[in-house]
Each structure stands twice: as C-alpha cells, then as structure tokens.
Amino acid sequence: MDLQLIDSLLKDFINQVPKLDLSYIKRLTTSTGIIQHASFNIPNYHHGYCLDDNARALLLLCMANNAKEIETDTALISCYLSYIHYVQNLDGSFRNFMSYDLNFLDKHGSDDSLGRTIWALGTVLASDTLFAFHQITQEIFNKVLPHLIELKSPRAVAYAILGLANYLETHPDDEHVLAEISTLCHFLALEFKVCADDEWAWFEEIISYDNAILPLSMLKTARILNNEEWLNIGLKSFTFLDQILYRKEYISTIGNQSWHAKSKDISEYGQQPVEIPSILLLYQEMDKIKPSNNWQLKIKLAFLWYLGWNDKQLSLYNPIDKSCYDGLEDYGVNQNQGAESNIAFWMSYLLIKSNISI
C-alpha cells in the first residue's frame with residue numbers, strides 16, 4: 001500500500017476543491033425542497049420530492065455549519081426544514097413522497113425516512129449556531145418522539161439513535177430522550193443476539209445498504225452512555241463489516257444487485273455513494289474508542305472510492321458540475337446524479353477534510 005500516493009491524491013483533490021461547493025445541490029433544490037432524482041445532470045421532476053433526501057440535505061447543511069466550511073446558508077436550511085415541517089402529520093408521524101405538482105403520494109412514510117429525519121433534527125438541536133431554528137425543530141422533534149417505538153427497521157432505529165445521541169451531547173439530562181435511546185439500543189442489541197453466530201456477527205440475515213450505520217449507532221451510544229454490552233456488539237459487528245469492506249486492497253462496498261445474504265456471495269455491483277459517509281463516521285468513531293493508524297488509512301481509502309480507487313477504477317466525481325454520479329455498476333458508472341449521491345459525496349468531503357492534515 002503506497003501511503004505517500006494516498007496522501008498525495010487526497011491533497012491534490014482538496015487543492016482542486018478547496019471548499020464545499022453546494023452549486024449542484026442548489027440546482028436540485030426548488031422553493032419546496034430538494035428533488036430526489038436527476039436525469040444525468042438535471043433534476044428529474046417526474047420523481048418529485050421525498051422526506052429522506054430533505055432530511056439528508058438538512059444534515060449536510062448542519063455538518064457544513066458545524067465545520068464552518070461556509071457561511072450559514074439560512075435559506076437552504078429553512079427550505080429543507082420547511083419540507084420536513086410540512087410533511088409531518090398531526091399525530092407527529094411523517095409522509096414521505098410528494099410529486100412535483102405538490103400532491104402527497106403517501107399517508108405514512110417509511111421507517112427509514114423517519115429515522116433519518118430524527119438524525120437531522122437532533123443534529124440541528126445540538127448546534128448552538130443554529131439556535132434560530134431551534135424552536136420549530138424542537139416542536140417537530142417532540143411530536144415525532146412517541147413514534148420511535150413503532151420502528152422495526154434496524155437502519156431506521158440506527159438513524160434515530162444517532163439523532164438522539166447528538167441531541168444528548170448538548171441535552172444530557174433529558175430523561176425522556178435517555179429512555180427512548182435506551183429502548184432503541186436494546187432493540188438493536190436483541191436483533192444482533194437473535195441473528196449473530198460465530199461466523200455472522202450481524203443484525204440481520206442479509207447485509208444490504210448503508211451498513212456502517214448499525215455498528216456506528218451502537219458504538220457512539222456506548223461511548224456516550226458508557227454501556228459495555230452495546231460496546232461489545234458494536235465492536236463485533238464493526239470487525240465483521242470491516243473484513244467485508246476491506247477484503248481487497250481498496251474498499252469494495254456491497255452492491256445492490258443482490259446484496260450479501262448469509263451463506264451467499266457478495267454482490268459486487270450496484271455500489272452506492274450513500275455507503276461512504278457512514279463508513280467514514282464509523283471509522284472515525286472507532287478511532288475515538290481504539291485509536292489506530294489502520295483506521296486512519298481506511299478512512300482515506302473510503303473517500304478515494306469516489307476518485308477511482310474502486311472495483312472499476314473509475315471516478316464518480318464530476319469535476320465540471322462538481323457533482324457525484326449515482327453508482328458503480330457492472331457496466332461502469334451510472335451517469336445520473338441524484339440528490340442522495342450528491343449529499344453523500346459532500347458529507348464525505350466534509351468528513352475527510354476534518355480528519356486529515358493537508
């Protein structure tokens with residue numbers, strides 16, 4: 001492994017892209033919110049809006065604000081937060097999908113969309129510099145809390161845990177949120193105990209998308225609340241996932257063609273940009289718990305996935321539009337450039353900049 005080459009590639013890229021660039025994110029954003037999908041490099045209005053991507057976009061803006069990467073873009077924050085506010089039902093649950101002509105397409109959104117929204121809301125409430133948005137955010141947050149017990153998707157639970165954990169870092173005495181996060185962590189711990197064995201240290205019978213979020217949620221909460229059981233589960237599942245992601249000399253994420261079911265082969269293609277920011281967060285969390293140069297190396301390799309250190313040796317970064325392509329397929333790069341991929345790329349950009357000295 002050429003460590004000097006890795007550092008040189010990252011340094012060159014940061015020199016070429018010295019600041020967060022939201023120009024493509026803004027291209028996908030209307031006064032209503034961020035459009036889900038793109039046809040090549042233009043918004044695809046046929047697919048309209050979703051809660052998932054507006055929550056992701058809000059989280060990106062929070063990260064950018066906390067990193068002091070750009071001046072606080074209150075207009076964009078207001079846009080994404082307004083979408084979240086608008087799609088919240090009277091009982092506190094959320095709708096998810098809205099057409100471009102502003103018709104709701106569902107009555108109740110997915111577990112994952114709710115979990116991601118809790119992650120974004122908790123992060124806003126943890127930021128002193130976003131105080132101007134705290135009142136409305138707290139109102140939305142409080143109304144949705146009773147619905148967390150209804151979550152059945154492990155990833156949705158993990159997203160929600162991260163939002164609650166961020167919130168608790170600045171509101172450590174909120175007993176209601178402490179009880180909620182404990183319930184959610186016990187749910188994930190039980191999922192792990194039921195499914196895991198000596199050869200499969202995981203929460204489900206299949207490893208699918210945004211996988212790093214699961215051990216990350218357990219490790220972060222275990223560190224904050226000093227829980228040994230959750231720490232052990234986080235470490236075991238981290239070690240298992242680490243061996244899969246870095247089974248080659250570079251990172252090779254699990255593709256969405258058929259994922260990775262227990263006792264089945266790993267699907268190599270349909271690799272998605274959304275995997276990378278949670279992987280970076282996971283290895284950064286591991287470095288807090290057990291510092292290691294190995295974690296630092298793998299953080300760098302994870303970001304380099306975007307720049308061609310991947311199974312096709314093809315870059316997913318579009319330097320013309322400062323955007324990110326939608327995935328790595330068996331035929332090459334998916335040339336569409338939707339919201340999820342671009343939010344994930346710029347989150348990863350912020351995380352890698354915060355982690356390396358260049």
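Only this structure's heavy atoms are used, side chains among them; waters, hydrogens and symmetry mates stay out.
The number of heavy-atom neighbours closer than 6.0 Å to CZ of Phe131, taken from other residues, nucleotides and ligands shown, is 12 or below. Remark: Leu5 CG is packed, more than 12 non-hydrogen atoms of other residues, nucleotides or ligands lying under 6.0 Å away. Within a 6.0 Å radius of OH in Tyr246, more than 12 heavy atoms belonging to other residues, nucleotides or ligands are found. The 12-atom threshold is exceeded at NZ of Lys248, counting heavy atoms of other residues, nucleotides or ligands nearer than 6.0 Å. Remark: Asn293 CG is loosely packed, at most 12 non-hydrogen atoms of other residues, nucleotides or ligands lying under 6.0 Å away. Remark: Lys19 NZ is packed, more than 12 non-hydrogen atoms of other residues, nucleotides or ligands lying under 6.0 Å away.
In terms of modelled atom types and a separation under 3.5 Å, the side chain of Glu329 and the main chain of Val333 share no donor-acceptor contact. Panel note: side chain His134, backbone Gln138; no donor-acceptor pair is recorded below 3.5 Å. In this structure, Asp106 contributes its side chain and Phe97 its backbone to a donor-acceptor pair below 3.5 Å. Panel note: side chain Asn226, backbone Arg223; no donor-acceptor pair is recorded below 3.5 Å.
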(request) Dump the intermediate steps for side-chain contact (heavy atoms from CB on, under 4.5 Å) on Cys50 and Asp53, then the final yes or no. (result) CA-CA 6 Å; Cys50 70; Asp53 288 338; 3.5 Å; yes
(message) What verdict does the salt bridge (charged side-chain N to carboxylate O under 4.0 Å, His left out) test give for Asp7 and Lys300, after you've listed the backbone C-alpha separation in whole Å, the side-chain angles of each residue and the deciding distance to 0.1 Å?
(response) CA-CA 8 Å; Asp7 287 338; Lys300 295 173 182 178; 2.8 Å; yes
(message) Run the salt bridge (charged side-chain N to carboxylate O under 4.0 Å, His left out) test on Asp73 and Lys26 for me, step by step, so that the C-alpha distance in whole Å, both residues' side-chain angles and the decisive distance to 0.1 Å come before the verdict.
(response) CA-CA 11 Å; Asp73 195 321; Lys26 291 178 180 179; 3.6 Å; yes
(request) Determine, step by step, whether Asn256 and Ser267 satisfy the side-chain contact (heavy atoms from CB on, under 4.5 Å) criterion, reporting the C-alpha distance in whole Å, the side-chain angles of both residues, the deciding distance to 0.1 Å, and the verdict. (result) CA-CA 7 Å; Asn256 65 12; Ser267 183; over 6 Å; no
(message) Working note: Thr30 + Ile35, criterion side-chain contact (heavy atoms from CB on, under 4.5 Å); need CA distance, chi angles, decisive distance, verdict.
(response) CA-CA 7 Å; Thr30 71; Ile35 296 289; 4.2 Å; yes
(message) Before you tell me yes or no, could you show the steps for Ile181 and Thr221 under side-chain contact (heavy atoms from CB on, under 4.5 Å), namely the whole-Å CA-CA distance, both residues' side-chain angles and the distance that decides it to 0.1 Å?
(response) CA-CA 8 Å; Ile181 201 171; Thr221 313; 3.7 Å; yes
(message) Between Glu268 and Lys312, is the salt bridge (charged side-chain N to carboxylate O under 4.0 Å, His left out) condition met? List the steps.
(response) CA-CA 10 Å; Glu268 293 209 346; Lys312 286 291 186 181; over 6 Å; no
(request) Verify ring-ring contact (aromatic ring centres under 6.0 Å, His included) between Trp295 and Phe238, making sure each step is shown before the conclusion. (result) CA-CA 12 Å; Trp295 311 147; Phe238 164 79; 5.1 Å; yes
(message) I'd like to know whether His108 forms a side-chain hydrogen bond (donor to acceptor under 3.5 Å, both in side chains) with Ser93, so could you lay out the CA-CA distance, the side-chain angles of the two residues, the decisive distance to 0.1 Å, and finally the verdict.
(response) CA-CA 7 Å; His108 292 282; Ser93 63; 3.3 Å; yes
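A salt bridge links Lys193 to Glu229: one of the charged nitrogens lies within less than 4.0 Å of a carboxylate oxygen.
Under 3.5 Å, the side chains of Asp311 and Tyr250 contain a donor-acceptor pair of N or O atoms. No hydrogens or angles considered: nothing links the side chains of Asn318 and Asn41 as a donor-acceptor pair under 3.5 Å. If you check the side chains of Asp101 and Ser99, you find a donor sitting under 3.5 Å from an acceptor. Between Asp21 and Ser23, the side chains place a donor N or O and an acceptor N or O closer than 3.5 Å (distance only, hydrogens not considered). A donor and an acceptor atom, one from each side chain of Asp12 and Gln16, are nowhere located under 3.5 Å apart. Between the side chains of Asn44 and His46, at least one donor N or O lies within less than 3.5 Å of an accepting N or O. Side-chain contact annotation: Asp287 with Gln296, donor-acceptor N/O pair under 3.5 Å present. Looking only at atom types and distance, the side chain of Arg27 has no donor-acceptor partner in the side chain of Ser323 under 3.5 Å away.
Going from atom OG of Ser182 over to atom CG of Leu225 covers 8.0 Å, rounded to the nearest 0.5 Å. Note: Leu188 CG to Ser217 OG = 5.0 Å, rounded to the nearest 0.5 Å. Here Lys353 contributes atom NZ and Leu10 contributes atom CG; the two are 12.5 Å apart, rounded to the nearest 0.5 Å. Rounding to the nearest 0.5 angstrom, the gap separating the NZ atom in Lys322 from the CG atom in Leu20 is 11.5 Å. With values rounded to the nearest 0.5 angstrom, Thr137 atom OG1 is found 4.5 Å from Leu81 atom CG. Rounding to the nearest 0.5 Å places CZ of Arg56 at 7.0 Å from CD1 of Ile343.
Smallest separation of non-hydrogen atoms from Tyr209 and Arg116: CE1-NH2, 4.2 Å. Of all the heavy atoms in Pro277 and Tyr306, the pair that sits closest is CD-OH, 3.7 Å. Considering all non-hydrogen atoms of both residues, Met98 and Val87 come closest at CE-CG1, 4.3 Å. Closest approach of Val17 and Trp346 over heavy atoms only: CG1-CH2, 3.7 Å. The shortest non-hydrogen separation linking Leu184 to Val157 is O-CG1, 3.5 Å. Across all their heavy atoms, Cys195 and Trp202 have their closest contact at CB-O, 3.6 Å.
Screening Leu125, Leu130, Thr123, Val124 for a side-chain contact (heavy atoms from CB on, under 4.5 Å) involving Ser127 leaves a single residue, Leu130.
Residues Leu61 and Asn65 have side chains not in contact (no heavy-atom distance under 4.5 Å, counting atoms from C-beta outward). When side chains are defined from C-beta on, His37 does not count as touching Asn336, because their heavy atoms never get closer than 4.5 Å. Asn310 places a side-chain heavy atom less than 4.5 Å from the side chain of Leu316.
Hydrophobic clustering (ILVMFWY, side-chain heavy atoms < 4.5 Å, transitive): Met347 and Val274 are in distinct clusters. In the hydrophobic clustering of ILVMFWY residues, with side-chain heavy atoms under 4.5 Å counting as a link, Leu190 and Ile206 come out apart. Note on Ile279 and Leu281: same hydrophobic cluster, where clusters join Ile, Leu, Val, Met, Phe, Trp and Tyr whose side-chain heavy atoms are under 4.5 Å apart, directly or indirectly. By the criterion of side-chain heavy atoms lying less than 4.5 angstrom apart, applied directly or through intervening Ile, Leu, Val, Met, Phe, Trp or Tyr residues, Leu162 is grouped together with Ile140 in one hydrophobic cluster. Connection of Ile42 to Tyr100 is not established within any shared hydrophobic cluster, with ILVMFWY side chains joined at heavy-atom distances below 4.5 Å, either directly or through further cluster members.
Between Tyr317 and Phe345, the ring planes lie parallel to each other; the angle is under 30°, not in the 30° to 60° tilted range. In this structure, Trp119 and Tyr159 have parallel ring planes: the angle between them is below the 30° cut-off, well short of the 60° mark.
For Phe141, the ring-ring contact (aromatic ring centres under 6.0 Å, His included) criterion is met by Tyr167, not counting sequence neighbours. Partners of Lys298 under the salt bridge (charged side-chain N to carboxylate O under 4.0 Å, His left out) rule, at least two apart in sequence or in another chain, are Asp242.
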